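Note that this is a predicted model, so its numbers are computed, not measured. Each ligand, and each atom within it, is numbered from 1 in the order the structure gives.
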Amino acid sequence: MPSQTPERPGRFRRTALQPDEAQRILIERMSPLPEERVPLAEAWGRTLARSLTAPHPFPPFRRSAMDGYAVRAEDLRHATQEARVSLEVVESLPGGVAPTRSIGPGQASRIMTGGMMPEGADTVVMLEMTVSPATEDDALPVVTIGRSVPIGVNVADVGCEIQEGAEVLRAGQRIGAGESAILASCGNAEVGVRRRPRVGILSTGSELLDVSEPLEPAKIRNSNAPMLAAMVRESGADPVMLGQVPDDAPAARALIDAGLRECDLLLTSGGVSVGDYDVMVDVLSSPDVELLFNKIAMRPGSPTTAAVANGKTLVALSGNPGACFVGYHLFVAPALRVMLGQTPYAENRSFQAYLGAEFPKVNAYRRYIRAATDLKDGTVWVTPTGDDKSSLMTTIVNADCLIEIPPLKEGLAKGHLVTAWRL
Ligand SMILES: Nc1nc2c(c(=O)[nH]1)N[C@H]1C(S)=C(S)[C@@H](COP(=O)(O)OP(=O)(O)OC[C@H]3O[C@@H](n4cnc5c(N)ncnc54)[C@H](O)[C@@H]3O)O[C@H]1N2
Ligand code: MOO
Ligand SMILES: [Mg+2]
């Protein structure tokens, strides 16, 4: 057991920071990890290390948007059902075949969707618009058309989607479906991405059993470690499971030192409050540890602590599952975004919504309530997923946002406009 010195500064005497101030202090310590190259097929979910400038226009050639005939609109200007116009078909242009003939007056080329437009043609008439609906294997030397068409229809010009030199993707963008398509079109068989942060997860608590162990009196299974690992993955980082230590400062310190060597960021849970066996308080009061903060004017997660040791950052989250969850989203998620070369907060991360249920508690602290978002009749509602007690984990399950409730002297009625943070 650690030596019990409850009068030690740091256990009781703490200066509470506002959440945004603590976020700022932590974020200032973070910097983007180096770039590495990965095959495009493995780049999903990774973060682009540099912006992508289009090396060529897209589409790179003028192409047809329909199966039909490439024509000169001028030739069809006076065409009607009564005065049909027949054009000589000079060649057939499936996708992938470059034209060899240019289109002169009275001529057309049969062309398929994605086919390269021949010189001289400015418009594509769909197969269905020709008089005798041609079949795919039709190779008529003549096509007859009974209507005029506006110039340029069904033709995609060079660069109409992407101009050469345009910035198409920004550094820090997470690679999803659209990003993958653009990277491929621009010839990136390999992509420069930020190295995935290795995030150590260490649980403290003599009451903790491993998930595989049967229950014993006074013990519970470690649920914070798997919960943190899930959130770390959601953040685009790799969890490194460091196991659990009993409430013993030297044992915790040894595992923390090993974790700091191996990882880019270390997360611990438990032992940060004022209890006799709150081991992280003892570990972090060591003279070689630089404390960034150890109290935040918020609920849950008020004892959330951050420090720098051995040149690496450590966030000591509360042991209470609800507080651990909120502490992760408020402090760890933005820090990991910075390590991935992203802005600390996603655009549109906070939004205004109507409170879906009365919130009767008066509170001296800023609260972050686990809640679920609903769209009803064109308005956005956020409803607490249950009791916001920090010891609860069941209210994490359906939470997709945190409602921020500033310190208030009175509770809030249902329908009150509140700020919420997307998770
Ligand atoms: N006298 C006071 N007591 C407490 C205060 C206070 O200001 N004065 N703060 C309370 C608040 S608020 C919180 S939050 C908790 C913080 O507790 P710790 O971070 O020190 O965490 P522990 O004491 O280790 O554990 C708290 C609770 O969480 C359970 N736990 C811990 N680790 C895990 C885990 N890995 N998986 C699941 N559950 C875990 C643990 O068994 C305890 O029940 O302190 C209040 N006390
Ligand atoms: O501040 Mo403690 O974090 O939940 O309730
Ligand atoms: Mg405690």
Side-chain angles (χ1 to χ4, degrees), residues 1-2 4 6-7 10-19 22 200-213 215-232 239 241-249 251-252 255 266-285 293-307 314-332 361 363-370 386-397 402 404-405 407:
M1 288 297 130
Q4 291 171 32
E7 69 285 356
R11 193 173 289 273
F12 293 132
R13 267 175 273 134
R14 302 186 188 191
T15 311
L17 300 185
Q18 289 304 314
I201 297 173
L202 173 62
S203 314
T204 70
S206 298
E207 77 281 27
L208 298 179
L209 296 167
D210 185 69
V211 192
S212 58
E213 291 181 276
L215 277 186
E216 290 170 33
K219 301 217 170 183
I220 56 167
R221 296 188 187 98
N222 178 358
S223 63
N224 286 345
M227 176 179 75
L228 286 168
M231 292 191 286
V232 164
M241 307 312 273
L242 299 171
Q244 54 202 47
V245 280
D247 298 313
D248 173 77
L255 214 51
L266 181 63
L267 306 181
T268 67
S269 83
V272 287
S273 187
V274 296
D276 296 342
Y277 307 102
D278 279 339
V279 71
M280 288 305 295
V281 180
D282 296 302
V283 169
L284 298 177
S285 61
F293 52 80
N294 64 2
K295 192 173 169 78
I296 301 168
M298 68 178 216
R299 281 281 151 78
S302 57
T304 305
T305 297
L314 175 161
V315 182
L317 296 158
S318 165
N320 270 328
C324 185
F325 176 80
V326 169
Y328 181 92
H329 282 291
L330 259 57
F331 303 104
V332 181
K361 280 188 199 166
N363 44 132
Y365 290 101
R366 194 167 294 276
R367 280 181 187 271
Y368 293 90
I369 317 285
R370 285 146 271 168
D387 196 316
D388 76 313
K389 273 199 200 100
S390 70
S391 57
L392 302 184
M393 64 189 147
T394 45
T395 49
I396 294 169
V397 173
L402 295 174
E404 180 177 347
I405 299 190

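Against a heavy-atom cut-off of under 4.0 Å, Val272 is close to the following atoms of ligand 1: 18 (P), 19 (O), 20 (O). If you number the atoms of ligand 1 from 1 as listed, the ones under 4.0 Å from a heavy atom of Ser302 come out as 12 (S). Less than 4.0 angstrom separates some heavy atom of Ser269 from each of these atoms of ligand 1: 35 (N). Near Gly270, meaning under 4.0 Å from any of its heavy atoms, are these atoms of ligand 1: 19 (O), 21 (O), 24 (O). Ligand 1 places these atoms under 4.0 Å from at least one heavy atom of Gly271: 18 (P), 19 (O), 20 (O), 21 (O), 22 (P), 24 (O). Heavy-atom contacts of Asn222 reach the following atoms of ligand 1: 34 (C), 35 (N), 36 (N) (cutoff under 4.0 Å). Listed by atom number, the atoms of ligand 1 under 4.0 Å from Asp278 heavy atoms are 20 (O), 23 (O).
Nearest-heavy-atom check against atom 4 (C) of ligand 1 across Ser273, Ala218, Pro226 picks out Ser273. Residue nearest to atom 2 (C) of ligand 1, selected from Leu208, Val274, Leu228, Leu317: Val274 (by heavy-atom distance). Of the candidates Ser203, Ser391, Gly319, it is Gly319 that places a heavy atom closest to atom 39 (C) of ligand 1. In the candidate list Gly301, Ser223, Gly327, Ser318, Ser318 is nearest to atom 14 (S) of ligand 1, counting heavy atoms.
Checked against a 3.5 angstrom limit, the closest N/O atoms of Asn320 and ligand 1 fall inside it. The N/O atoms of Pro303, backbone and side chain alike, include none that comes under 3.5 Å of an N/O atom in ligand 1.
One N or O on the side chain of Thr204 and one on the backbone of Ser269 form a donor-acceptor pair closer than 3.5 Å. With Asp248 contributing its side chain and Ala251 its backbone, the two residues share a donor-acceptor pair below 3.5 Å. The backbone N or O of Asn224 lies less than 3.5 Å from a partner atom in the side chain of Asn222, making a donor-acceptor pair. Looking only at distances, no side-chain donor or acceptor of Thr395 sits under 3.5 Å from a matching main-chain atom of Asp388. Of the possible polar contacts, one joining the Tyr328 side chain to the Met231 backbone as a donor-acceptor pair under 3.5 Å is found. In this structure a side-chain-to-backbone donor-acceptor pair under 3.5 Å is missing from Ser302 to Arg299. In this structure, the side chain of Ser318 engages the main chain of Asn320 through a donor-acceptor pair within 3.5 Å. Remark: side-chain polar atoms of Ser203 are not paired, donor with acceptor, to backbone N or O of Ile201 under 3.5 angstrom. When atom types are taken as modelled, the side chain of Ser206 and the backbone of Asp247 share a donor-acceptor pair closer than 3.5 angstrom.
For Ile220, every heavy-atom contact with ligand 1 shorter than 4.0 Å involves the side chain, none the backbone. Of all the heavy atoms of Asn224, the ones lying under 4.0 Å from any atom of ligand 1 are found in both the backbone and the side chain.
Closest protein heavy atom to atom 41 (O) of ligand 1: Glu207 OE2, 2.6 Å.
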>> Please evaluate residues Glu213 and Arg221 with respect to the criterion salt bridge (Lys or Arg N to Asp or Glu O under 4.0 Å), reporting the C-alpha separation (whole Å), side-chain torsions for both, the decisive distance (0.1 Å), and the verdict.
In response: CA-CA 8 Å; Glu213 291 181 276; Arg221 296 188 187 98; over 6 Å; no
>> Applying side-chain contact (heavy atoms from CB on, under 4.5 Å) to Thr268 and Val283, what does each step give before you reach the verdict?
In response: CA-CA 12 Å; Thr268 67; Val283 169; over 6 Å; no
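For the pairing with Thr304, the side-chain contact (heavy atoms from CB on, under 4.5 Å) check across Val272, Leu330, Asn294, Leu317 returns one residue only, Leu317.
When only modelled atom types and interatomic distance are considered, Ser212 and Asp210 share a side-chain donor-acceptor pair under 3.5 Å.
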Which atom pairs, nitrogen or oxygen on both sides, join ligand 2 and the protein at under 3.5 angstrom?
{"unit_1": "ligand 2", "atom_1": "1 (O)", "unit_2": "Arg299", "atom_2": "NE", "d": "3.0"}
{"unit_1": "ligand 2", "atom_1": "1 (O)", "unit_2": "Gly301", "atom_2": "N", "d": "3.2"}
{"unit_1": "ligand 2", "atom_1": "1 (O)", "unit_2": "Ser302", "atom_2": "N", "d": "2.9"}
{"unit_1": "ligand 2", "atom_1": "1 (O)", "unit_2": "Ser302", "atom_2": "OG", "d": "2.6"}
{"unit_1": "ligand 2", "atom_1": "3 (O)", "unit_2": "Gly301", "atom_2": "N", "d": "2.2"}
{"unit_1": "ligand 2", "atom_1": "3 (O)", "unit_2": "Ser302", "atom_2": "N", "d": "3.1"}
{"unit_1": "ligand 2", "atom_1": "4 (O)", "unit_2": "Gly301", "atom_2": "N", "d": "3.4"}
{"unit_1": "ligand 2", "atom_1": "4 (O)", "unit_2": "Ser390", "atom_2": "OG", "d": "2.7"}
{"unit_1": "ligand 2", "atom_1": "5 (O)", "unit_2": "Ser390", "atom_2": "OG", "d": "3.1"}

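With contacts defined as side-chain heavy-atom distances shorter than 4.5 Å, the pair Val279/Val245 does not qualify.
Distances from ligand 1 to the non-hydrogen atoms of Gly275 include no value under 4.0 Å.
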